Each structure stands twice: as C-alpha cells, then as structure tokens.
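What you are looking at is a predicted structure, and each value in this text was computed from that prediction instead of being measured. Only heavy atoms go into these numbers, but all of them, side chains included; no hydrogens, no water, no symmetry mates. Along the sequence shown, residues carry numbers from 1.
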Amino acid sequence: MSEEDGRLAWATAGAVVAGALMITVGLFQLFEGIAAVANDRIFATVADYTFAIDTSGWGWIHIVLGALLALTGLFVLMGRAWAYGVGIGLAAVSALNQFFFLPYYPLWALLIIAFDVFVIWALAVVLAEVNAPS
C-alpha cells in the first residue's frame with residue numbers, strides 16, 4: 001500500500017465518520033426542535049438573556065437546521081464532493097446555534113457543539129486529503 005493509498009483510506013474513513021455524525025447531530029437537533037415546538041416548557045426559562053427567543057422559535061430553527069444537517073450527512077456518505085464544504089458550513093452554523101441555546105439546555109448544547117467541532121475537523125481533513133497533490 002502506497003502512502004497515497006493510505007491517505008485516501010484515512011480520508012474515506014473520516015468522511016464516513018463525519019457523515020454518520022452529521023446524521024446523528026441532525027436527528028438530535030430535529031428531535032430537540034420537535035420537543036421545543038410541542039411543549040415549550042420542557043426547556044429552562046431564562047430571564048434577561050440577550051439572545052432570548054421563544055423556545056418554539058428555537059424549535060423551528062432546530063428542526064430546519066437538523067433536517068439540513070441529516071440530509072447533507074447522507075450526501076457525505078454517498079461521496080458527493082460538494083457535501084463536504086456544505087457540511088463544514090452547516091456544522092459551524094449548528095455549533096453557533098447551540099452556543100446561543102446554551103442557557104436553555106446547557107449539557108445537551110455542549111455535547112452537540114463537541115460533535116459539530118469533530119465533524120468540521122473530519123470534513124476538513126477529508127477535503128485536505130482529497131485535494132492534496134499526488
């Protein structure tokens with residue numbers, strides 16, 4: 001096995017992990033959004049929060065973002081090159097969204113941010129390996 005084959009194998013494994021995590025994070029956010037829309041009292045109430053939005057509003061944001069993440073994760077698993085860049089962008093938006101959601105559900109938000117950071121790293125490594133000169 002040549003060095004190039006080894007790099008490609010690592011890039012492929014990284015894409016699989018990133019795609020699977022994107023689907024997982026997307027479904028987590030989708031269900032979090034459904035819970036917020038169905039019963040907005042499920043989350044803690046925060047007084048005087050700068051980025052305060054009704055939890056039903058956050059719920060719709062989570063539903064849309066979660067669906068986009070999961071769908072893009074499927075395309076990453078299918079090996080679509082455009083999905084790597086879109087996945088990095090959506091994971092960054094997801095991490096930012098969870099940062100703003102921290103006061104409502106802190107431990108869950110930190111977990112999703114950690115997954116998003118890993119997805120960004122994995123997809124960036126895949127892009128670097130795929131685009132590396134031979």
Side-chain angles (χ1 to χ4, degrees):
M1 178 188 263
S2 70
E3 183 180 333
E4 185 175 320
D5 290 338
R7 283 197 327 235
L8 187 58
W10 277 103
T12 302
V16 170
V17 169
L21 272 176
M22 286 178 69
I23 293 169
T24 303
V25 167
L27 291 175
F28 281 168
Q29 288 210 26
L30 184 70
F31 294 135
E32 182 179 19
I34 291 170
V37 170
N39 183 6
D40 62 351
R41 290 178 304 234
I42 196 168
F43 298 105
T45 55
V46 179
D48 298 328
Y49 180 48
T50 304
F51 304 106
I53 296 178
D54 180 54
T55 50
S56 294
W58 279 116
W60 285 109
I61 293 169
H62 286 293
I63 288 171
V64 170
L65 188 57
L68 289 173
L69 269 168
L71 186 62
T72 305
L74 286 173
F75 283 111
V76 166
L77 288 178
M78 287 194 254
R80 303 292 195 265
W82 61 266
Y84 299 150
V86 171
I88 289 171
L90 283 175
V93 170
S94 172
L96 185 64
N97 178 47
Q98 290 298 325
F99 174 76
F100 291 135
F101 199 68
L102 268 170
Y104 297 102
Y105 217 146
L107 294 178
W108 186 258
L110 288 173
L111 176 68
I112 301 300
I113 288 170
F115 282 164
D116 286 331
V117 169
F118 185 81
V119 165
I120 292 168
W121 173 80
L123 289 177
V125 168
V126 169
L127 280 175
E129 291 300 323
V130 168
N131 293 326
S134 331

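The CD1 atom of Ile120 sits 10.0 Å away from atom CG of Leu90, with the distance rounded to the nearest 0.5 Å. In this structure, CD1 in Ile112 is found 9.5 Å from NE2 in His62, a value given to the nearest 0.5 Å. Tyr105 OH to Glu32 CD: the interatomic distance, rounded to the nearest 0.5 Å, is 8.0 Å. Between Met22 atom CE and Leu27 atom CG the span is 11.5 Å, to the nearest 0.5 Å.
Aromatic rings from Phe28 and Trp108 are positioned such that their centres are separated by under 6.0 Å.
Residues that satisfy the side-chain contact (heavy atoms from CB on, under 4.5 Å) test with Val117, not counting sequence neighbours, are Ile113. Considering only residues two or more places apart in sequence or on other chains, Phe115 meets the ring pair (Phe, Tyr, Trp, His ring centres under 6.0 Å) condition with none of them.
Residue pairs meeting the side-chain hydrogen bond (donor to acceptor under 3.5 Å, both in side chains) criterion with at least one partner in residues 13-27, sequence neighbours excluded, do not occur; the list is empty. Sequence neighbours left out, not one pair with a member in residues 119-128 passes side-chain hydrogen bond (donor to acceptor under 3.5 Å, both in side chains).
Nearest heavy atom pair, residue Pro106 against residue Pro103, reads CD-O, 4.3 Å. In this structure, Gly59 and Ala36 approach most closely via the heavy-atom pair CA-CB, 3.7 Å. Between Asp116 and Ala95, the shortest heavy-atom contact is OD2-N, 3.1 Å.
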Side-chain donor-acceptor pairs of residues 63-85 under 3.5 Å, sequence neighbours excluded:
residue : atom : partner : partner atom : Å
Thr72   : OG1  : Leu68   : O            : 2.8

